[in-house]
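Side chains are part of it too, since the values below use all heavy atoms of this structure and drop only hydrogens, waters and symmetry mates. Chain letters run A, B, ... following the sequence lines, proteins first and then strands; every chain starts at 1.
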Protein chains: 2
Amino acid sequence: MTTLKDLSRHLGLSITQVSRALNGYPDVSKKTRDRVMEAADLLNYTPNIAARNLVSGRSGVVGFISRNLPGIAKNTIFFETVTGLSEAFSARDVQFVLHLTPETDTGDIIPVYDRLFRGGTLDGFVLVDPLPEDLRIQHLLTHKVPFVVHGRGEMEPPYPYVDVDNRGLAYRMASHLTALGHRRIALISGPEPLAFCRFRLAGFRRALAEAGLEENPAHIRHGFMTEALGLTATIQMFGDPARAPTAIVCGNTLVSKGVYQALGSLSLRVPEDVSVIAHDDAILAASPESFAPALTVTRSPLADSWAPLADTLIGAINRKPIGTLQKIIPFDFIERASTAPPPA
Amino acid sequence: MTTLKDLSRHLGLSITQVSRALNGYPDVSKKTRDRVMEAADLLNYTPNIAARNLVSGRSGVVGFISRNLPGIAKNTIFFETVTGLSEAFSARDVQFVLHLTPETDTGDIIPVYDRLFRGGTLDGFVLVDPLPEDLRIQHLLTHKVPFVVHGRGEMEPPYPYVDVDNRGLAYRMASHLTALGHRRIALISGPEPLAFCRFRLAGFRRALAEAGLEENPAHIRHGFMTEALGLTATIQMFGDPARAPTAIVCGNTLVSKGVYQALGSLSLRVPEDVSVIAHDDAILAASPESFAPALTVTRSPLADSWAPLADTLIGAINRKPIGTLQKIIPFDFIERASTAPPPA
DNA sequence: TCCAGTTACCGAAACGTTTCGGATTGCTTC
DNA sequence: GAAGCAATCCGAAACGTTTCGGTAACTGGA
């Protein structure tokens, strides 16, 4: 291992000046900078990061903490998140560690964050799936630990986050349907306590309210967004055909796949009898083009979040002002063949 | 952040003695050790790992490097590996970082290992899916970088590995069939260049040779171990019924699922017409009990490898002798209903 | 000639820990 | 009363980097 001392001896310069040359300080002449660079290259110099960490008080490592739940290996979204973040941080020369606690460990997860932050093992954290009042967020905020949240909880006090525009896309989907003349619109969304569902529900409600429509609780369903949810929810909503919806807003394309199946088995046509619209996060197997008829969607690839998340966390670690650390990922609206005016 | 200096001041002891008390050195009296522990607890002391790393020359971080290939999110085995290793290392207070290079980056992967090891970013690596002559292994060996391999390549010179007993289990499966009287036995295994397939093939061959059987190249198939492989390979092997096998050894249970399907569509019964046997790594959706008839298997859960892999890598980092760093995971043989003597 | 300003450089401290070599005490033993 | 020995303790160096506060040499203007 070559060190700065080796380089300085080899060049007849002080350690200080070599360090400053390598780090691009202005008070180094062009000539010596070139000499230093060349020598560093020749002697194969790599800065020792432990030493750098010691003086900077940073570790250059960020973490993602989760419990190792049984089904975790089948959770494609989780995996996509891990690989996406991993690649994004690698590209920024930050180490990304996945910290899984055993599923048998039923204790509180907050001490894990504490233990890893104190002593400087980790510089910050990525959190996903926040609850509206998330204890982890409360805790990290009060202890001034840098973090970034994928998706938002309640917003007071403000904290760093990156989120798809959940309120906006739900509003867009629902208002597209109201504009077509629908008056009974259903929503099949994700697990109720999660913040992103709250936001989507809020956007959905605003569109209904603006169109002067009453909300029907029987037409709102929450649950894990799978094909099965779409299928069972649809079947149930059409139990009483007189009160059944004429349009369905789906949390993702997988849900709408189940909806298509249910409608097919009820001999109802899309879009003549029922319009279907979904949000496409471009991550699941169910691609909206593959539907017959092709699915109208709002589109916002989850994969667009990884780079902003990495940048935001790095910003939070460097104590950038909060204003620069809150990002909303925009969405596209893509009208295809699954939406039409309601039957007469 | 409380430091050793704070503690020593608070206790009226030297930094040295506090450090030694905390680290369990023998030349500290019981009384002061207790006092130190209590104070450390009181002042919420956590050692600064950057400082510790600087003096120890370690980083406490190990890595797993892979290219972020398109299908990676659907690769359950990869994901199971990542989560399993992550949990195993977390439990040992070692940081585990997943390092994914962009799929667009087509360059050689070896410099990535170099860059991360030099400068002390990472202490060692976990490698999976070794080739028989693996360049990564060659390179890490010559540069004395600690690593552990899951599965083995060629064994000279020896290096640290953890592996299921591939040769043994293939031998066990095949010799079970020869003992039953089968004389035409097929093998449907994994990608040919991978080391584990070579070992399985060797075990398979030995069993055949011991039974005095000729090997039929048409009865040996390699490929990605999916249902589709089992299905197509079986259909092809039964193209000429006179030369068709009477028993099939499958690389995993997913393959045997395809084999069952093919045999069903050929109106052949298991085990009366054809015996089927597989290796069960207890990781895929296809559980051997769920087969009809239930599948005879050798069983060796992949999940049993994570803890030994972590221990072995940590041993390699601590320069333990090579003899303690090579582990073979044993397997069980579970006879169920899918194997019987060949038809008369 | 003197002074101020710029440019290029350097010494030393600091980050928090581990560890080497030695120092101090109190007790036994001859 | 000195020597030997174990039990405790401590000072200081070391790990490799960044950075603060300075110094020296040179420039140009008055």
Side-chain angles (χ1 to χ4, degrees), chain A residues 1-37 39-40 43-61 93 115-123 317-319, chain B residues 1-37 39-40 43-61 93 117-123 317-319:
Chain A
M1 279 308 310
T2 27
T3 69
L4 281 186
K5 202 197 290 188
D6 299 329
L7 275 186
S8 74
R9 208 166 19 213
H10 181 259
L11 288 161
L13 283 170
S14 73
I15 291 178
T16 305
Q17 204 58 358
V18 177
S19 170
R20 297 175 72 80
L22 290 172
N23 291 315
Y25 279 68
D27 60 349
V28 179
S29 73
K30 172 94 173 63
K31 206 175 81 185
T32 53
R33 185 189 308 285
D34 290 346
R35 278 183 63 221
V36 170
M37 292 297 190
L43 298 190
N44 224 323
Y45 170 76
T46 327
N48 178 308
I49 58 123
R52 181 174 280 179
N53 291 343
L54 179 58
V55 38
S56 72
R58 304 272 171 74
S59 68
V61 187
D93 274 327
R115 188 166 49 78
L116 290 171
F117 182 72
R118 229 174 339 117
T121 309
L122 261 44
D123 290 341
I317 291 170
N318 293 326
R319 308 290 176 190
Chain B
M1 278 307 310
T2 36
T3 69
L4 279 186
K5 202 197 287 188
D6 299 329
L7 275 186
S8 74
R9 208 166 20 213
H10 180 258
L11 288 161
L13 283 170
S14 73
I15 291 178
T16 305
Q17 204 59 358
V18 177
S19 170
R20 297 176 72 80
L22 258 13
N23 291 314
Y25 278 67
D27 61 349
V28 179
S29 71
K30 173 95 172 61
K31 204 175 84 187
T32 54
R33 184 189 309 285
D34 289 346
R35 277 183 64 220
V36 169
M37 291 299 190
L43 299 190
N44 224 323
Y45 170 76
T46 327
N48 179 308
I49 59 122
R52 182 175 279 178
N53 291 342
L54 179 58
V55 39
S56 73
R58 304 271 171 74
S59 69
V61 188
D93 275 327
F117 183 70
R118 231 178 333 122
T121 308
L122 262 44
D123 290 342
I317 290 169
N318 292 326
R319 308 289 176 191

Measure from [atom1] on [X] to [atom2] on [N] and round the result to the nearest Å.
| X | N | atom1 | atom2 | answer |
| --- | --- | --- | --- | --- |
| B:Asn48 | C:dC15 | CG | P | 11 Å |
| B:Leu7 | C:dT17 | CG | C1' | 12 Å |
| B:Arg9 | D:dC10 | CZ | C1' | 17 Å |
| A:Leu4 | D:dT19 | CG | P | 12 Å |
| A:Leu54 | C:dT17 | CG | P | 9 Å |
| B:Leu11 | D:dT8 | CG | P | 17 Å |
| A:Ile49 | C:dG16 | CD1 | C1' | 16 Å |
| B:Arg52 | C:dC15 | CZ | C1' | 16 Å |

Practice task
Check A:Tyr45 against A:Leu7 and note the closest heavy-atom contact, atom names and distance.
Solution key: CG-CD1, 3.9 Å
Fill in the blank from the handout: Between B:Arg33 and B:Ala21 the two heavy atoms that sit nearest each other are NH1-O, 3.0 Å
Exercise for the section: Report the nucleotide, chosen from C:dT18, D:dT17, C:dG16, that has the shortest atom-to-atom distance to any side-chain atom of B:Asn23. Expected result: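 My answer, after comparing the listed nucleotides, is C:dT18.
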Exercise for the section: Sequence neighbours left out, what passes side-chain hydrogen bond (donor to acceptor under 3.5 Å, both in side chains) with A:Lys31? Give chain and number order. Expected result: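 Once residues adjacent in sequence are excluded, A:Lys31 has no partner under the side-chain hydrogen bond (donor to acceptor under 3.5 Å, both in side chains) criterion.
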Exercise for the section: Before giving the answer on side-chain contact (heavy atoms from CB on, under 4.5 Å), spell out for A:Val36 and A:Arg20 the whole-Å C-alpha distance, their side-chain angles and the decisive distance to 0.1 Å. Expected result: CA-CA 10 Å; A:Val36 170; A:Arg20 297 175 72 80; over 6 Å; no
Handout entry: Side chain B:Ser19, main chain B:Ile15, donor-acceptor under 3.5 Å
Key =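 No; judged by distance alone, with no hydrogens or angles, the pair does not exist.
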Practice task
State whether B:Tyr25 places a side-chain N or O below 4.0 Å from either non-bridging phosphate oxygen (OP1 or OP2) of D:dA7.
Solution key: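 For D:dA7, neither OP1 nor OP2 has a side-chain N or O of B:Tyr25 closer than 4.0 Å.
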Practice task
Would you check if there is a donor-acceptor pair between the side chains of B:Asn53 and B:Ser59 at a distance under 3.5 Å?
Solution key: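 No donor-acceptor contact under 3.5 Å links the two side chains.
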Problem - Rounded distance (nearest 0.5 Å) linking atom CD of A:Gln17 with atom CG of A:Leu4 - result: 12.0 Å
Problem - Spacing of CZ belonging to A:Arg58 relative to CD1 belonging to A:Ile49, to within rounding of 0.5 Å - result: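 Interatomic distance, A:Arg58 CZ to A:Ile49 CD1, rounded to 0.5 Å: 14.0 Å.
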Could you list, one pair per line, each protein nitrogen or oxygen that sits under 3.5 Å from a nitrogen or oxygen of nucleotides 8-12 of chain C, together with the distance?
residue: C:dC9; atom: OP2; partner: A:Ser29; partner atom: N; Å: 3.3
residue: C:dC9; atom: OP2; partner: A:Ser29; partner atom: OG; Å: 3.3
residue: C:dC9; atom: OP2; partner: A:Thr32; partner atom: OG1; Å: 2.9
residue: C:dC9; atom: N4; partner: A:Asp27; partner atom: OD2; Å: 2.9
residue: C:dC10; atom: OP2; partner: A:Ser14; partner atom: N; Å: 2.9
residue: C:dC10; atom: OP2; partner: A:Ser14; partner atom: OG; Å: 3.2
residue: C:dG11; atom: N7; partner: A:Thr16; partner atom: OG1; Å: 3.2
residue: C:dG11; atom: O6; partner: A:Thr16; partner atom: OG1; Å: 3.0
residue: C:dA12; atom: N6; partner: A:Thr16; partner atom: OG1; Å: 3.1

Handout entry: B:Thr2 vs B:His10 side-chain heavy atoms within contact, under 4.5 Å
Key = no
Problem - the helix from C:dT1-D:dA30 to C:dC30-D:dG1: angle between end helix axes, five pairs per end, rounded to 10 degrees - result: 70°
